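These numbers were taken from a predicted model, which means no experiment stands behind them. Along the sequence shown, the residues carry numbers beginning at 1.
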Amino acid sequence: MQGRKKVAIALMLATTLAAPAAAEDKLLTETVNFAGGIAFLGAGAPGLVIAAVRDGETAIAGFGETATGSGKEPDGDTLLRIGSISKTFCGDVLSSLVAEGAVGMTDPVQAHLPPEFEVPEKGGRAVRIVDLVTQSSGLPREVPQTGGTDSDPFGGNTMEAQITGLKGDPLLFPPGTGALYSNWGHDLLGIALKGIGGKPYADLLAERVLAPRGMTRTRFNLAAGDEANAMQGHFFDGSPMPLAPTPVTIECAGGLYSTASDMLRFIAWHLDRDDTANAERRRFNHAGWLYRDGLSPVSGLDDGGEMGAMAMGWVTVLPDGPAPLMLVKSGGLQGEFSFLAIAPTRDVGVFVSMNQFSLAGWPLMVKTAIDLVADLAPR
């Protein structure tokens with residue numbers, strides 16, 4: 001099957017590639033297969049999965065292998081490590097709490113953390129909830145830590161490490177004045193959400209996002225028997241990387257596994273403009289809370305196109321030519337790169353994931369998703 005697919009793609013896809021999941025919209029199926037096939041060959045990863053939603057119709061296509069030599073083609077039910085796309089889930093939980101009035105976006109984060117977490121100020125500015133979710137807290141990218149291993153690289157990111165890291169002067173600029181990609185900021189947001197919601201972040205996520213949308217395969221750690229159906233990540237040199245555990249401390253920033261089918265359910269909720277019951281929550285989630293103009297610095301946020309604004313966990317890319325306004329988020333963890341883009345005003349969304357770190361494959365995969373959204377969006 002793989003040989004026939006490659007031949008078909010090399011011949012410019014004179015016929016539609018076989019899709020692992022059918023959609024009523026045959027044009028959507030063909031378009032997704034074509035885009036995914038080209039991206040797979042160009043990326044050089046062992047495997048790639050791509051999925052799209054347009055006007056409620058869906059299509060999924062998988063290429064290659066879940067791991068080098070596995071002979072198993074990824075599909076809509078293959079478990080994928082989505083890395084920092086988890087931040088959009090965290091923003092989703094936050095938007096639900098804001099819509100309920102349980103927290104204000106300008107609340108100092110200190111008010112919602114355990115007392116042992118002492119968050120410093122800089123330039124007379126306190127770190128607020130809005131600063132964490134819009135990457136404008138001033139915190140460095142990662143928590144200062146030691147103790148991680150190859151099989152457990154996140155083991156050093158403990159509550160104790162975060163508490164210690166906040167002492168002194170970790171802020172790189174006054175909160176709200178710049179935008180610097182920070183996993184640490186979302187680590188703190190996950191802890192604050194526990195204080196706001198009165199239960200662990202994982203429980204809030206399950207109750208407010210996963211269960212209502214039927215996302216039964218999305219989880220923080222693999223269950224017994226899951227490894228056989230999971231993408232194996234690969235390093236830049238092609239060597240396999242371990243399916244490392246997710247500690248509680250990184251759940252909000254980058255802890256989730258999901259599937260292409262579950263990601264379509266996540267996308268569909270964000271595109272559902274007829275869902276009046278959640279309209280306010282969705283507006284909060286998609287709103288531009290921080291605009292680029294006047295910020296200094298701006299770093300680490302332009303991999304899906306130039307950041308025009310920051311929403312709740314999303315990077316907002318403003319309209320450009322045929323491309324509509326998009327909310328995008330990338331993720332990279334343990335040898336897997338993933339990318340998510342939605343156009344809320346056009347009822348279109350695309351998710352794509354590949355199982356190898358690749359400096360050439362990554363921008364190609366992102367461009368594939370962005371171009372596909374533009375191609376599918378009604379003019």
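- In this structure, E280 CD and S95 OG are separated by 10.0 Å, a value rounded to the nearest 0.5 Å.
- The side chain to side chain donor-acceptor pair (under 3.5 Å) check on D152 picks up nothing, with sequence neighbours excluded.
- Between E336 and Q334, every side-chain heavy-atom pair lies at or beyond the 4.5 Å cut-off.
- Side-chain heavy atoms closer than 4.5 Å link hydrophobic residues (I, L, V, M, F, W, Y) into clusters, and following such links, even through other members, never connects V127 to F173.
- Closest non-hydrogen pair, V130 versus S136, comes out as O-OG, 4.2 Å.
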*Run the side chain to side chain contact (heavy atoms under 4.5 Å, CB included) check on Y181 and R141 step by step: do they pass?*
CA-CA 6 Å; Y181 196 91; R141 187 179 183 94; 3.4 Å; yes
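- Using a 4.5 Å heavy-atom cutoff, the side chains of F220 and L256 are in contact.
- In this structure the side chain of I196 reaches within 4.5 angstrom of the side chain of I129, judged on heavy atoms.
- No more than 12 heavy atoms of other residues, nucleotides or ligands sit less than 6.0 Å from atom CG of D320.
- Other residues, nucleotides and ligands contribute at most 12 non-hydrogen atoms within 6.0 Å of the OH atom of Y291.
- Taking each heavy atom of L325 and P319 in turn, the nearest pair found is N-CG, 3.6 Å.
- Considering only heavy atoms from C-beta on, D75 stays 4.5 Å or farther from I60 through its side chain.
- Residues I267 and W269 do not share a hydrophobic cluster, clusters being chains of Ile/Leu/Val/Met/Phe/Trp/Tyr side chains in contact below 4.5 Å.
- The 12-atom threshold is not exceeded at CG of D293, counting heavy atoms of other residues, nucleotides or ligands nearer than 6.0 Å.
- Partners of L333 under the side-chain contact (heavy atoms from CB on, under 4.5 Å) rule, at least two apart in sequence or in another chain, are R81, F154.
- With sequence neighbours excluded, the residues that form a side-chain contact (heavy atoms from CB on, under 4.5 Å) with E100 are L97, R208.
- What you find for R128 and G176 is that their closest heavy atoms are NH2-CA, 4.4 Å.
- Under the 4.5 Å side-chain criterion, counting only non-hydrogen atoms from C-beta, I38 is not in contact with T368.
- Side-chain contact between D303 and W362: present, with at least one pair of heavy atoms (C-beta onward) separated by less than 4.5 Å.
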*Could you go step by step and tell me if D226 and R219 meet the salt bridge (charged side-chain N to carboxylate O under 4.0 Å, His left out) rule?*
CA-CA 11 Å; D226 278 345; R219 59 197 59 182; 2.6 Å; yes
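- Summarising the local packing, NZ of K122 is surrounded by more than 12 heavy atoms from other residues, nucleotides or ligands at distances under 6.0 Å.
- Other residues, nucleotides and ligands contribute only 12 or fewer heavy atoms inside 6.0 Å of the CG atom of D150.
- The disulfide bond (SG atoms under 2.5 Å apart) contacts involving residues 32-89 comprise nothing, where partners must be two or more places apart or lie in separate chains.
- Going from atom CG of D187 over to atom CD of E251 covers 10.0 Å, rounded to the nearest 0.5 Å.
- Annotation: disulfide bond (SG atoms under 2.5 Å apart) contacts involving residues 158-267, sequence neighbours excluded, comprise C90-C252.
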_side chain to side chain contact (heavy atoms under 4.5 Å, CB included) evaluation trace for N229 with R217_ = CA-CA 11 Å; N229 193 40; R217 298 287 287 158; 3.5 Å; yes
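- In this structure, the separation between OG1 on T345 and CD1 on I342 is 10.0 Å, given to the nearest 0.5 Å.
- Between H286 and W314, the two ring planes are perpendicular [angle over 60°; tilted spans 30° to 60°].
- When the side chains of ILVMFWY residues are joined at heavy-atom separations under 4.5 Å, either directly or via intervening members, L243 and F235 end up in two distinct hydrophobic clusters.
- Expressed to the nearest 0.5 Å, how far NZ of K26 lies from CD of E57 amounts to 12.0 Å.
- Counting heavy atoms from C-beta on, the side chains of H270 and T88 never come closer than 4.5 Å.
- With a 4.5 Å cut-off on side-chain heavy atoms, Q135 and H186 count as touching.
- Every residue two or more places apart in sequence or in another chain that forms a salt bridge (Lys or Arg N to Asp or Glu O under 4.0 Å) with D92 is listed here: R213, R281.
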